[in-house]
Amino acid sequence: MRHPGEVAVQRRAGVRAEDHGSSRTRPQIPEVAAEFLRNQHMIVVGAADDGGRAWATVLTGPTGFASPSDDRTIVLHAAPDAADPLHGLFARERDIGLLAIEPHTRRRMRVNGTAVQAGETLVVRTEQVYSNCPKYIQTRSPTSAPGTPGALGRGTSLSDRHRRWIAEADTFFIATRADGLGADVSHRGGNPGFVQVTGARSLAFLDYQGNSMYMTLGNLELDPAAGLLFVDWERGETLHLTGRARVEWGERRVVRFELDEYAHLADTVSAGWTAPGYHRFNPPI
């Protein structure tokens, strides 16, 4: 079944290819994808809470912590920590989006499906498995291991530090969802300044040309819930935003985000990553 939100966005964008989008993905995990997952130390996760608010977070672990057990099942030997906005939500099965991203090689793959927590693991049943191109990924590598995650604060209005963090970012991740069509989490990248902070509770970014599948914008066409994740690569901290996003259509697509709540966490990823190598296709700011 074609995703009606994706179809609507593709028509607005002038994409005429038939059956181009999530309907072309497959639920099976190819061996090359299984091997890629086994080599990862970081998986980005997207899901909605019981109130329908979308959140993006990140899980980390040693090589092998993401282990496909068969061609439709991935076992993540990690689960959202007590400070994490998604903590406890997988006590019952719910939609999930996964992004395995390897910044130093610019390789990434996405998995959408359902997940349930079993002890300290998440068991993911796959529905959509596919790879993405390396566009707009900045190269960087960790220089240390993550610590123990902890809460640094929650609120409904961005602090001055948060605004500077976002304004200087070259990468973020976005989680979306749509009833009956699942959850998804995707990568966005560009030169520092590609995200504009437009207020204490608002920001905007250009939607750069990608693979024309429009899985993120397709979900937003049906449900404005969005979760954004920003990483402080030097400190190992993460900023999780949940709110609503809408697309403004013109000569260039602009996505505007309105914040409902944020969570600021410490030691969620490695600290002291190497300096970024910006992608040559990043548009000028």
Side-chain angles (χ1 to χ4, degrees), residues 5 8-9 12-13 44-58 83-86 97 99 136 138 151-178 183-210 214-233 235 237-266 268 282-285:
V9 172
R12 287 182 183 175
V44 182
V45 175
D49 63 21
D50 291 337
R53 301 186 306 171
W55 293 93
T57 193
V58 61
D84 195 290
L86 293 181
L99 171 67
Y136 315 129
Q138 327 316 334
L152 292 177
R154 295 183 79 130
T156 58
S157 183
L158 298 171
S159 70
D160 288 343
R161 187 204 159 186
H162 296 151
R163 296 188 213 183
R164 290 193 301 271
W165 179 349
I166 294 169
E168 295 169 359
D170 59 44
T171 299
F172 73 91
F173 305 95
I174 179 168
T176 58
R177 48 90 64 187
D184 178 76
V185 65
S186 184
H187 161 276
R188 292 293 187 272
N191 290 332
F194 86 110
V195 184
Q196 295 184 347
V197 179
T198 55
R201 300 185 62 187
S202 62
L203 55 86
F205 58 93
L206 288 175
D207 184 61
Y208 293 157
Q209 182 177 356
Y214 295 116
M215 296 176 76
T216 297
L217 299 194
N219 280 345
L220 292 178
E221 184 77 9
L222 304 180
D223 188 328
L228 276 54
L229 173 68
F230 290 87
V231 179
D232 185 325
W233 305 100
R235 293 183 174 92
E237 299 175 6
T238 46
L239 181 63
H240 310 245
L241 314 181
T242 190
R244 290 147 288 111
R246 60 184 174 84
V247 183
E248 290 184 354
W249 291 83
E251 290 185 12
R252 305 179 78 179
R253 289 185 301 273
V254 178
V255 181
R256 298 196 179 276
F257 176 84
E258 295 292 330
L259 175 71
D260 288 335
E261 186 180 0
Y262 76 80
H264 182 178
L265 306 186
T268 40
N282 287 351
I285 302 302

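Quick caveat, the model's predicted, so the values are computed rather than measured.
Taken to the nearest 0.5 Å, the CG atom of Leu222 stands 7.0 Å off from the CG atom of Asn219. Between atom NE2 of residue His240 and atom OG1 of residue Thr268 there is a gap of 5.5 Å, rounded to the nearest 0.5 Å. Note: Asp184 CG to Thr216 OG1 = 5.0 Å, rounded to the nearest 0.5 Å. Distance check: Arg163 CZ to Thr198 OG1 gives 10.0 Å after rounding to the nearest 0.5 Å. The structure places CH2 of Trp233 at 15.0 Å from CZ of Arg235, a figure rounded to the nearest 0.5 Å. Atoms CD and CG, from Gln196 and Leu206 in turn, are 7.5 Å apart once rounded to the nearest 0.5 Å.
In this structure a side-chain-to-backbone donor-acceptor pair under 3.5 Å is present from Thr242 to Ala54. Glu168 contributes no side-chain N or O that, together with a main-chain N or O of Ile166, makes up a donor-acceptor pair within less than 3.5 Å.
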(Q) I'd like to know whether Trp165 forms a side-chain hydrogen bond (donor to acceptor under 3.5 Å, both in side chains) with Asp232, so could you lay out the CA-CA distance, the side-chain angles of the two residues, the decisive distance to 0.1 Å, and finally the verdict. (A) CA-CA 7 Å; Trp165 179 349; Asp232 185 325; 5.1 Å; no
Q: Begin with the C-alpha distance, continue with both residues' side-chain angles, and end with the deciding distance and a verdict on side chain to side chain contact (heavy atoms under 4.5 Å, CB included) for Val9 and Leu220.
A: CA-CA 10 Å; Val9 172; Leu220 292 178; over 6 Å; no
Q: Begin with the C-alpha distance, continue with both residues' side-chain angles, and end with the deciding distance and a verdict on side chain to side chain contact (heavy atoms under 4.5 Å, CB included) for Thr238 and Thr57.
A: CA-CA 8 Å; Thr238 46; Thr57 193; over 6 Å; no
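Counting heavy atoms from C-beta outward, Gln138 and Asn282 have side chains that approach closer than 4.5 Å. Using a 4.5 Å cut-off on side-chain heavy atoms (C-beta onward), Thr171 and Val231 make no contact. Here the side chains of Leu158 and Leu241 are in contact, with some heavy-atom distance below 4.5 Å. Residues Leu229 and Val44 meet the side-chain proximity criterion, which asks for heavy atoms closer than 4.5 Å. Counting only heavy atoms from C-beta outward, the side chains of Leu228 and Tyr262 never approach each other to under 4.5 Å.
Across all their heavy atoms, Ala175 and Ala47 have their closest contact at CB-N, 4.5 Å. Contact detail for Asn191 and Pro284: the closest heavy-atom pair is ND2-CA, 4.4 Å. Nearest approach of Gly189 to His187, heavy atoms of both residues: N-CE1, 3.5 Å. The two residues Glu221 and Ala8 have their closest heavy-atom pair at OE2-CB, 4.0 Å. Here the closest heavy-atom approach between residue Ile285 and residue Tyr208 is recorded as CD1-OH, 4.1 Å. Between Ala200 and Leu259, the closest heavy-atom pair is O-CD2, 4.3 Å.
Within a 6.0 Å radius of CD in Gln209, no more than 12 heavy atoms belonging to other residues, nucleotides or ligands are found.
Aromatic ring orientation, Phe194 versus Phe172: parallel (interplanar angle below 30°, classes split at 30° and 60°).
Residue pairs that meet the salt bridge (charged side-chain N to carboxylate O under 4.0 Å, His left out) test with at least one member in residues 194-209, sequence neighbours left out, are Arg188-Asp207, Asp207-Arg253.
We find that Glu258 and Arg256 are not joined by a salt bridge, their nearest charged nitrogen and carboxylate oxygen being 4.0 Å or further apart.
Judged as a salt bridge (charged side-chain N to carboxylate O under 4.0 Å, His left out), and not counting sequence neighbours, the contacts of Glu261 are Arg53, Arg154.
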